[in-house]
Amino acid sequence: MSLFGSSHFGLPRMKPLSSKRVHVVSVLDIGSTKVVCMIGRLTPCKESAVLPGRTHNVEVIGIGHQRSRGIKSGVISDLDAVEGVVRLAVDAAERMAGLTVESLIVNVSAGRIGSDVYTATIDLGGQEVEGSDLKKVLVAAGQQSQGNDRAVLHSLPTGFSLDGERGIRDPLGMYGDVLGVDMHVVTAERAALRNLELCINRAHLTVEGVVATPYASGLAALVDDEVELGCAAIDMGGGMTTISVFAEGKLIHTDAISIGGHHVTTDLARGLSTRIEDAERLKVVHGSALANGADEREVVSVPPIGEDDRDQPLQVPKALLTRIIGARIEETLELLRDRIQKSGFSPVVGKRVVLTGGASQLTGMPEAARRILARNVRIGRPMGVAGLPAAAKGPAFSTAVGLMIYPQVADQETHAGQGGLFSPFGNGNSRMARMGQWLKESF
């Protein structure tokens, strides 16, 4: 049944994982290039020194992936096509795991993801900070972010202040006159979320949680020091490139641009007048983001578009490929550099950038990014997950693995006081209907 049927329902709140139980989690990464379903077994473990906030070991017991159809730049353009691909991916993962999936955690890249910080303060009158005060200030910050056409995906308190002194992680039990909070709220357009949910419902599945793509890929690819000291994760997908900035253990900013690896492929197809699939193969086999002295001497065969098999392939210097690819990569990286600069989080990011996503695998990408972003760059592969087949250990699978990790950190937001209150799929009435329950559960 769809979650939109009744005004009382919002998206089911992700229940915090029990530290004593084994959980089975199913996730779905719907991208412009591929759709991935993973089923994982989460077993409680001791806190890891390297990977932030991991309370469970993740072992992938089922995986299915299919080439995307019906998705352009993260946006659903054909419901039937997406539904078909989702069914195939889920079916393959179910067969491998030997169990049936009913609900999934899914990612969202579409819907113009927004990232805002809201600040709220309440008067304490010199008293000690109690649980009820935290609730009050979090609700006050959360209420500023409500909009009819946008839905809240994540709301994370990034820091508290007491009497103007900022940077307090946990003010409970401290004394002061004025308690303040900065709340990072990630939103998306409600219509995009509805279309996403519709696809999943049509495949006879339900949505258990929705995670912004940049948050998921950052969770999978960053280590503790990066998350603590400040770092940007840039996920380069087929149709979208997303940015997430982490600091002091929290997600503090997200952004997205509608450019990705497909744009490089179509540039090649146009520039060399060849088919899209041939352009993709040329990019993967011979493509590079950086020019090399030998490129002028080396030639590559480009299959022509014509129907006639007798048409001879064109011989072009490899340097031409590199020039076409380099121009688009440079434009994308300059756009990302400007976005980070404009966000005001450039000092927080410092010198640390992690590239992930399928398009980050292009030869020469880290070097090109180092030069244009003027920062240290490494390629981020999904970490801390067992049972991944060799083909799924690369950066292209970071988002899917991040969705697997997400339930372990979901309580950072739920206890922050948005649980169920501002649900991505609910509407106005659901907030009040769930308020009482939320207050009982959260503190």
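- A salt bridge between Arg328 and Glu331 is present, with a side-chain N of the basic residue lying under 4.0 Å from a carboxylate O of the acidic one.
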Between Arg352 and Glu226, is a salt bridge (charged side-chain N to carboxylate O under 4.0 Å, His left out) present by the stated rule, with each step listed?
-> CA-CA 7 Å; Arg352 285 170 294 273; Glu226 290 167 334; over 6 Å; no
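- Salt-bridge check for Arg87 with Glu83: passed, with a basic side-chain N closer than 4.0 Å to an acidic carboxylate O.
- A heavy-atom distance below 4.5 Å is found between the side chains of Met365 and Leu355.
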Go through the steps for Thr241 and Ile234 under the test side-chain contact (heavy atoms from CB on, under 4.5 Å), then give the verdict.
-> CA-CA 7 Å; Thr241 297; Ile234 295 177; 3.7 Å; yes
Mind running side chain to side chain donor-acceptor pair (under 3.5 Å) on Thr43 and Arg21 for me, showing each step along the way?
-> CA-CA 7 Å; Thr43 315; Arg21 276 187 47 222; over 6 Å; no
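- We find that Glu228 and Arg169 are joined by a salt bridge, their nearest charged nitrogen and carboxylate oxygen being less than 4.0 Å apart.
- Under a cut-off of 6.0 angstrom, the local environment of CD in Gln341 is sparse, with at most 12 non-hydrogen atoms contributed by other residues, nucleotides or ligands.
- Between the Thr213 side chain and the Val108 main chain, a donor and an acceptor come within less than 3.5 Å of each other.
- Inter-residue side-chain proximity for Ile257 and Thr332 is flagged as met; some heavy-atom pair is nearer than 4.5 Å.
- Using modelled atom types and a 3.5 Å distance limit, the side chains of Ser244 and His253 yield no donor-acceptor pair.
- Using a 4.5 Å cut-off on side-chain heavy atoms (C-beta onward), Val35 and Asp29 make no contact.
- Taking all atoms of both residues into account, the shortest heavy-atom contact from Ala247 to Ile252 is CB-CD1, 3.8 Å.
- A distance-only check finds a donor-acceptor pair linking the side chain of Gln408 to the backbone of His56 [under 3.5 Å].
- Side-chain contact check for Val223 versus Met383: some heavy-atom pair is nearer than 4.5 Å.
- At a threshold of 4.5 Å between non-hydrogen side-chain atoms, the residues Val401 and Leu388 count as touching.
- Distance check, rounded to the nearest 0.5 Å: CE of Met183 to OG1 of Thr119 gives 10.0 Å.
- Taking every heavy atom of both residues into account, Arg375 and Lys351 meet most closely at CB-O, 3.6 Å.
- How far OG1 of Thr206 is from CD of Glu102: 7.5 Å, rounded to the nearest 0.5 Å.
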Pair Glu330-Arg371, salt bridge (charged side-chain N to carboxylate O under 4.0 Å, His left out): steps then yes or no = CA-CA 10 Å; Glu330 200 161 304; Arg371 183 171 60 81; 3.5 Å; yes
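- In terms of modelled atom types and a separation under 3.5 Å, the side chain of Asn107 and the main chain of Ile30 share a donor-acceptor contact.
- A donor-acceptor pair under 3.5 Å is absent between the side-chain atoms of Arg95 and the main chain of Val90, judged by distance alone.
- A donor-acceptor pair under 3.5 Å is formed between the side chain of Arg190 and the backbone N or O of Arg150.
- Arg69 CZ: 12 or fewer foreign heavy atoms inside a 6.0 Å radius.
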Test side-chain contact (heavy atoms from CB on, under 4.5 Å) on Leu196 and Val106 and set out the steps.
-> CA-CA 9 Å; Leu196 183 70; Val106 294; 3.9 Å; yes
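- Looking at Lys72 and Ser77, their side chains never bring a donor and an acceptor atom within 3.5 Å of each other.
- What you find for Thr356 and Gly380 is that their closest heavy atoms are OG1-O, 2.9 Å.
- No donor-acceptor pair under 3.5 Å is formed between the side chain of Ser258 and the backbone N or O of Met240.
- Not less than 6.0 angstrom separates the ring centroid of Tyr118 from the ring centroid of His184.
- Using modelled atom types, one finds no donor on one side chain facing an acceptor on the other under 3.5 Å when comparing Ser217 with Ser398.
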Carefully, step by step, assess Thr187 and Ile113 under the rule side-chain contact (heavy atoms from CB on, under 4.5 Å).
-> CA-CA 6 Å; Thr187 57; Ile113 288 176; over 6 Å; no
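- Below 30°, between 30° and 60°, or above 60°: for Tyr215 and Tyr406 the angle between ring planes is above 60°, a perpendicular geometry.
- The environment of Arg41 atom CZ is sparse: at most 12 non-hydrogen atoms of other residues, nucleotides or ligands sit within 6.0 angstrom.
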Can you list the steps and then say if Val211 with Val27 is a side-chain contact (heavy atoms from CB on, under 4.5 Å)?
-> CA-CA 10 Å; Val211 184; Val27 304; over 6 Å; no
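- Residues Ala392 and Ile63 approach most closely at CB-CD1, 3.8 Å, considering heavy atoms.
- Within the 3.5 Å criterion, the main-chain N or O of Leu205 finds a donor-acceptor partner in the side chain of Asn201.
- His263 is listed as a side-chain neighbour of Ile259, based on a closest heavy-atom distance under 4.5 Å.
- Proximity of a side-chain donor or acceptor of Glu94 to a complementary backbone N or O of Val101 within less than 3.5 Å is detected.
- Side-chain contact between Ile379 and Pro395: present, with at least one pair of heavy atoms (C-beta onward) separated by less than 4.5 Å.
- Expressed to the nearest 0.5 Å, how far CG of Leu42 lies from CG of Asn57 amounts to 8.5 Å.
- Between the side chains of Thr399 and Asp235, at least one donor-acceptor pair of N or O atoms lies under 3.5 Å.
- Residues Val300 and His286 share a closest heavy-atom pair of CG1-CD2, 3.1 Å.
- Residues Arg270 and Thr265 bring no donor and acceptor atom of their side chains to less than 3.5 Å of each other.
- With Lys283 contributing its side chain and Gly261 its backbone, the two residues share a donor-acceptor pair below 3.5 Å.
- In this structure, Thr274 contributes its side chain and Pro303 its backbone to a donor-acceptor pair below 3.5 Å.
- Looking only at side-chain heavy atoms (C-beta outward), Val117 and Val185 stay at 4.5 Å or farther from each other.
- The minimum heavy-atom distance between Val36 and His65, with the atom names listed, is CG2-CB, 3.9 Å.
- The OG atom of Ser301 lies 11.0 Å from the CG atom of Asp278; values are rounded to the nearest 0.5 Å.
- With rounding to the nearest 0.5 angstrom, the CD atom of Gln66 is 11.0 Å from the SG atom of Cys37.
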